[in-house]
Amino acid sequence: MEIDPFIFRLSIFILSIFIGYYVVWSVTPSLHTPLMSVTNAISSVIIVGAIIAGLAGNSENIFNTSSIFGFLAISLAAINIFGGFLVTQRMLAMYKKKKKDK
Amino acid sequence: MISANLSAIFYLISGVLFILALRGLSSPETSRQGNFFGILGMVIAITVTFLSVGSFSSGFVYVLIFLLIGGLIGAFIAYKIPMTAMPELVAGFHSLVGLAAVFVAISAFLNPEAFNLGLPGAIKLGSLIEMSIGAAVGAITFSGSIIAFLKLQGIMSGTPITFKGQHPLNALILISILVVTYFLCSTQSSNLFWILLVISFLIGFLLIIPIGGADMPVVISMLNSYSGWAAAGIGFTLENTALIITGALVGSSGAILSYIMCKGMNRSFFNVILGGFGATDQTSTTGNKEQKPVKSGNAEDAAFLMKNASSVIIVPGYGMAVAQAQHALREMVDTLKKNDIKVSYAIHPVAGRMPGHMNVLLAEANVPYDEVFELEDINNDFANADVAFVIGANDVTNPAAKTDPQSPIYGMPVLDVEKCKSVLFVKRSLSPGYAGIDNDLFYRENTLMLFADAKKMTEDITKNL
């Protein structure tokens with residue numbers, strides 16, 4: 001009997017939880033705020049679903065109810081992606097080591 | 001148009017890049033590279049999606065337009081936002097992830113063919129279950145984050161909102177979500193889908209209103225976790241590896257942060273979730289104790305104490321952020337260092353309104369990160385330090401957490417500032433902190449209270465040094 005593809009996805013999911021667990025424990029506490037903003041940005045990879053939904057409308061009828069929700073989701077996710085990565089960048093740029101002479 | 005297998009491999013690559021992005025945060029040196037990996041992963045995921053859909057119809061232009069609108073708004077916010085407002089920003093961003101998840105689920109429900117999920121009214125059972133979970137968790141994340149945002153922004157009061165029968169009501173709604181999901185899956189009725197969304201929005205709202213302002217670090221972390229699970233739910237629906245991996249990463253990341261925050265307050269997760277903390281104690285403990293004698297001083301006294309010290313430990317708290325005193329503080333520390341006084345910073349896990357908030361604020365004020373220490377790394381040093389300078393912190397220094405089993409914060413890990421030869425407390429008044437408990441430290445022999453605005457006081461001390 002063949003294995004349902006769902007089981008493969010579930011395996012990826014479970015293993016990723018474990019990866020997440022170990023990787024996040026190794027994050028230094030002083031970077032917990034950038035951690036939250038960057039997880040925010042990457043969870044907006046949900047934009048791939050929004051793009052599929054947005055492109056699903058045919059050329060005579062680009063805006064149907066389904067694609068409108070897709071377009072809105074694209075904008076929401078894009079706010080997060082740009083905002084999340086840029087604000088993380090901004091924060092990380094501020095973390096500096098002690099200068100030797102001071 | 002590229003094959004489904006090839007795009008699946010690219011999604012896997014972007015998932016791996018996201019793992020590397022988080023891995024980079026293990027130290028500030030590697031963190032910038034990590035962020036770059038994250039951006040790269042996102043670019044790959046978006047490009048592959050365009051290529052896999054393939055039909056560059058006129059819809060493509062609209063996708064770009066909406067992408068650009070969102071991108072510009074996001075970039076604008078990222079550059080404008082002050083670092084003190086980080087908790088609000090993150091809460092706001094969580095709500096957007098939640099809402100985006102809901103919108104994608106709605107799209108998929110209305111037009112399942114676009115996602116290869118079957119026909120409207122005959123969506124594959126597995127996909128429908130995954131979609132419902134994604135939509136419900138997304139909706140909870142959205143409305144919960146909105147409340148968290150309003151509370152952090154001060155638009156809504158931080159005091160917990162509780163009413164009779166709150167917990168049974170919440171339990172009832174949670175059960176009804178399960179029931180509605182079950183019937184949605186068996187009947188495919190779109191009405192039930194909308195009902196599911198409405199009650200999920202409602203429960204998100206109801207779950208967060210009873211949680212007080214002091215518990216916001218836990219709430220933000222928890223909503224971070226929810227936004228991850230919502231993304232994972234949608235990832236299963238869309239059969240997309242990048243989304244599944246990311247959802248799992250974000251979900252566990254938020255869960256770990258919530259755990260760390262709860263431990264920092266010595267409270268169980270359920271205790272925080274059930275809410276109402278800090279509402280009743282406030283009135284009972286304040287009145288009678290304020291009569292005790294307090295030694296208060298001015299900037300000159302403080303400057304004198306610090307000038308004669310050989311080591312000073314700074315304990316910043318949320319009050320410092322409110323007063324925007326971090327830059328003034330850095331200037332004070334620079335002056336101290338010129339006088340060959342050793343200065344370090346001690347940060348409590350729950351200082352500020354979100355995990356790691358104080359570290360960001362200090363970094364913004366150009367404080368080198370290797371002078372900033374976590375509680376367990378610095379707590380033994382207080383006994384050897386001459387002066388502890390507590391600025392805008394209160395509960396996290398309260399010795400009652402170690403000595404008084406009756407205290408609501410008993411058992412919470414605290415900074416041992418009382419072991420210093422002298423303690424300077426910058427505070428506006430004797431009012432209790434967020435937990436609503438009086439701090440015994442104020443009345444100690446070796447404590448000097450400096451009643452003033454944190455920023456002004458710090459500037460005055462610098463002048464007197």
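So that the names make sense, note that chain A is the first sequence line, chain B the second, and so on, each numbered from 1.
When the candidates B:Leu110, B:Ile81, B:Leu25, B:Ile73 are compared by the number of heavy-atom contacts under 4.5 Å with chain A, B:Leu25 comes out ahead. Highest contact tally toward chain B, considering only A:Gly49, A:Gly20, A:Ser30, A:Ala73, is held by A:Ser30 [criterion: heavy-atom pairs under 4.5 Å]. The choice from B:Ala365, B:Ala231, B:Ser31, B:Gly352 that makes the most heavy-atom pairs within less than 4.5 Å of chain A is B:Ser31. No other option in B:Pro87, B:Ala21, B:Ala78 has as many heavy-atom pairs under 4.5 Å with chain A as B:Ala78. Heavy-atom pairs under 4.5 Å with chain A peak, among B:Leu238, B:Ile69, B:Ile19, at B:Ile19. Per-residue counts of heavy-atom pairs under 4.5 Å with chain A were compared for B:Phe18, B:Phe36, B:Phe109, B:Tyr369; the largest is that of B:Tyr369. Contact count versus chain A (heavy atoms, under 4.5 Å) is highest, among B:Leu362, B:Val367, B:Val63, for B:Val63.
Rounding to the nearest 0.5 Å places CD1 of A:Ile47 at 5.0 Å from CG of B:Leu67. Residue A:Asn40 holds its CG atom at 8.5 Å from CG of B:Leu96, rounded to the nearest 0.5 Å. The structure places CZ of A:Phe85 at 5.5 Å from CD1 of B:Ile39, a figure rounded to the nearest 0.5 Å. Distance CG/A:Leu72 to CZ/B:Phe66: 6.0 Å, rounded to 0.5 Å. For the atom pair OG (A:Ser66) and CZ (B:Phe115), the distance works out to 6.0 Å, reported to the nearest 0.5 Å. Note: A:Ile68 CD1 to B:Phe103 CZ = 11.0 Å, rounded to the nearest 0.5 Å.
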request  = Let me see the working for B:Ile260 and A:Trp25 under side chain to side chain contact (heavy atoms under 4.5 Å, CB included), right down to the final yes or no.
outcome  = CA-CA 10 Å; B:Ile260 294 174; A:Trp25 272 119; 3.7 Å; yes
ask   = Run the side chain to side chain contact (heavy atoms under 4.5 Å, CB included) check on B:Phe93 and A:Ile79 step by step: do they pass?
value = CA-CA 8 Å; B:Phe93 277 173; A:Ile79 295 178; 4.1 Å; yes
request  = Check the pair B:Leu249, A:Thr39 against side chain to side chain contact (heavy atoms under 4.5 Å, CB included), reporting the backbone distance first and the verdict last.
outcome  = CA-CA 8 Å; B:Leu249 289 177; A:Thr39 49; over 6 Å; no
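Two residues are said to be in side-chain contact when any heavy atoms from C-beta on lie closer than 4.5 Å; A:Phe82 and B:Leu72 fail this criterion. Residues B:Val360 and A:Tyr95 have side chains in contact (heavy-atom distance under 4.5 Å, counting atoms from C-beta outward). Here the side chains of B:Tyr11 and A:Val48 are in contact, with some heavy-atom distance below 4.5 Å. Put simply, the side chain of A:Val38 reaches to within 4.5 Å of the side chain of B:Asn35, judged on heavy atoms. Looking at heavy atoms from C-beta onward, A:Val87 lies out of side-chain contact with B:Ile77 at the 4.5 angstrom threshold. Counting heavy atoms from C-beta on, the side chains of B:Met86 and A:Met36 never come closer than 4.5 Å. Side-chain contact between A:Leu35 and B:Leu22 is present, with at least one heavy-atom pair separated by less than 4.5 Å. Taking 4.5 Å as the limit, every side-chain heavy atom of B:Thr246 sits out of range of all side-chain heavy atoms of A:Ile46.
A donor-acceptor contact shorter than 3.5 Å is absent between the side chain of A:Ser43 and the backbone of B:Gly228. With hydrogens and angles ignored, the 3.5 Å screen pairs a side-chain donor or acceptor of A:Thr33 with a backbone N or O of B:Pro355.
Looking at B:Ile347, neither its backbone nor its side chain comes within 4.5 Å of chain A, counting heavy atoms on both sides. In this structure, the portions of B:Ile245 lying under 4.5 Å from any heavy atom of chain A include both its backbone and its side chain. For A:Ile17, the parts lying under 4.5 angstrom from a heavy atom of chain B are both the backbone and the side chain. Proximity to chain A involves both the backbone and the side chain of B:Ser221, based on heavy atoms less than 4.5 angstrom apart. Both the backbone and the side chain of A:Ile42 come within contact range of chain B, each with at least one heavy atom under 4.5 Å from a heavy atom of that chain. Neither the backbone nor the side chain of A:Ile14 comes within less than 4.5 Å of any heavy atom in chain B. For chain A, the nearby parts of B:Glu364 are the backbone and the side chain; heavy atoms of each come within less than 4.5 Å. For B:Phe373, no part sits under 4.5 Å from any heavy atom of chain A, backbone or side chain.
Among all heavy-atom pairs drawn from A:Ser26 and B:Ser26, the shortest one is O-CB, 3.2 Å. Between A:Gly70 and B:Ser107 the shortest heavy-atom distance is N-OG, 3.3 Å. Contact between A:Leu31 and B:Pro28 at its shortest, heavy atoms only, is CD1-N, 3.8 Å. Nearest heavy-atom pair, A:Ser44 versus B:Val97, reported as atom, atom and distance to 0.1 Å: OG-CG2, 3.9 Å. Pairing each heavy atom of B:Ser253 with each of A:Val24, the nearest pair is CB-CG2, 3.5 Å. Smallest separation of non-hydrogen atoms from A:Pro29 and B:Asn359: O-OD1, 4.4 Å.
For the salt bridge (charged side-chain N to carboxylate O under 4.0 Å, His left out) condition, the pairs that include at least one residue of residues 8-28 of chain A, sequence neighbours left out, are A:Arg9-B:Glu239. The ring pair (Phe, Tyr, Trp, His ring centres under 6.0 Å) contacts involving residues 223-248 of chain B comprise A:Phe6-B:Phe236, A:Phe13-B:Phe236, where partners must be two or more places apart or lie in separate chains.
Atom OH of B:Tyr345 has more than 12 heavy atoms from other residues, nucleotides or ligands within 6.0 Å. The environment of CD1 in A:Ile7 is crowded: more than 12 heavy-atom neighbours from other residues, nucleotides or ligands sit within 6.0 Å.
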